[in-house]
Amino acid sequence: MAKLEPGGRVLLGNVVRAFLDAGGKLKYRPYKDRNGKTNWFVFGVRSDGSESQVYIARNGEPKRFRSANAILSYHRSMFPQDEGVFVPWLRGDEESL
């Protein structure tokens with residue numbers, strides 16, 4: 001099981017929709033996996049700007065996506081009214097943001 005964030009500032013995947021309904025937003029943060037491929041972790045952003053990483057409720061692993069298409073599908077399911085989503089990438093000299 002992955003180590004959860006210190007201080008209890010985590011967001012479990014099964015309450016993301018309620019978090020969004022209360023005014024939260026989602027952010028996708030890129031990183032390189034051990035094979036050098038770009039993946040994205042999911043973070044919930046509160047109205048005060050604080051962030052919490054989203055974890056899968058059933059296993060405690062960080063929620064992540066392995067493709068921009070997966071981000072698009074997830075974001076579209078959460079925000080069907082949106083016209084798009086920002087998917088950041090890493091520059092060649094960056095390991096993670």
Side-chain angles (χ1 to χ4, degrees):
M1 182 182 280
K3 183 178 179 196
L4 300 179
E5 276 187 38
R9 300 293 285 187
V10 300
L11 181 60
L12 296 178
N14 60 345
V15 296
V16 168
R17 190 160 310 272
F19 173 81
L20 299 174
D21 289 345
K25 302 213 180 291
L26 293 177
K27 179 178 182 177
Y28 307 97
R29 188 172 293 161
Y31 73 97
K32 296 277 185 186
D33 69 10
R34 69 178 87 146
N35 298 318
K37 294 185 180 187
T38 301
N39 286 229
W40 291 263
F41 285 127
V42 182
F43 287 79
V45 182
R46 292 174 187 76
S47 59
D48 67 2
S50 64
E51 298 179 2
S52 292
Q53 190 165 1
V54 176
Y55 288 85
I56 300 168
R58 73 180 181 283
N59 64 12
E61 292 292 322
K63 179 125 180 106
R64 69 178 175 153
F65 293 107
R66 293 183 177 109
S67 73
N69 283 340
I71 292 172
L72 179 60
S73 293
Y74 179 75
H75 195 86
R76 194 172 190 189
S77 74
M78 294 293 174
F79 301 98
Q81 74 284 0
D82 278 6
E83 295 180 5
V85 60
F86 177 72
V87 179
W89 67 76
L90 297 171
R91 294 187 313 252
D93 60 339
E94 291 179 314
E95 288 298 314
S96 63
L97 290 178

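Because only heavy atoms are used, hydrogens play no part in the values below, and waters and symmetry mates are left out as well, while side chains stay in.
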In terms of heavy-atom contacts, His75 and Asp82 come closest through NE2-OD2, 3.3 Å

What is the minimum heavy-atom distance between Leu26 and Gly44, and which atoms define it? CD2-CA, 4.4 Å

Would you name the heavy atoms of Arg17 and Ser77 that are closest together and state the gap between them? NH2-O, 3.3 Å

Do Trp40 and Val87 have side chains that get closer than 4.5 Å, going by heavy atoms? yes

Same cluster or not: are Ile56 and Val16 linked, directly or through other Ile, Leu, Val, Met, Phe, Trp or Tyr residues, by side-chain heavy atoms under 4.5 angstrom apart? no

Going by heavy atoms in the side chains, are Val42 and Arg64 under 4.5 Å from each other? no

Can you classify the ring geometry of Tyr28 versus Tyr74 as parallel (below 30°), tilted (30 to 60°) or perpendicular (above 60°)? perpendicular

Give a yes or no on whether the backbone of Lys37 and the side-chain of Asn35 come within a donor-acceptor separation of less than 3.5 Å. no

Is it true that Asn69 and Ser67 share a donor-acceptor pair across their side chains at a distance under 3.5 Å? no

List the atom of Glu51, the atom of Arg46, and the distance in Å for their closest heavy-atom pair. C-NH1, 3.9 Å

Neighbour count above 12 (heavy atom, 6.0 Å) for Glu83 CD: no

Are Phe65 and Val45 connected in a single hydrophobic cluster, I mean Ile/Leu/Val/Met/Phe/Trp/Tyr linked by side-chain heavy atoms less than 4.5 Å apart? no

Nearest-0.5 Å distance, CG of residue Leu11 to NZ of residue Lys63: 11.5 Å

Quick one: pull up CZ in Arg58 and CG in Leu12 and give me the separation to the nearest 0.5 Å. 12.0 Å

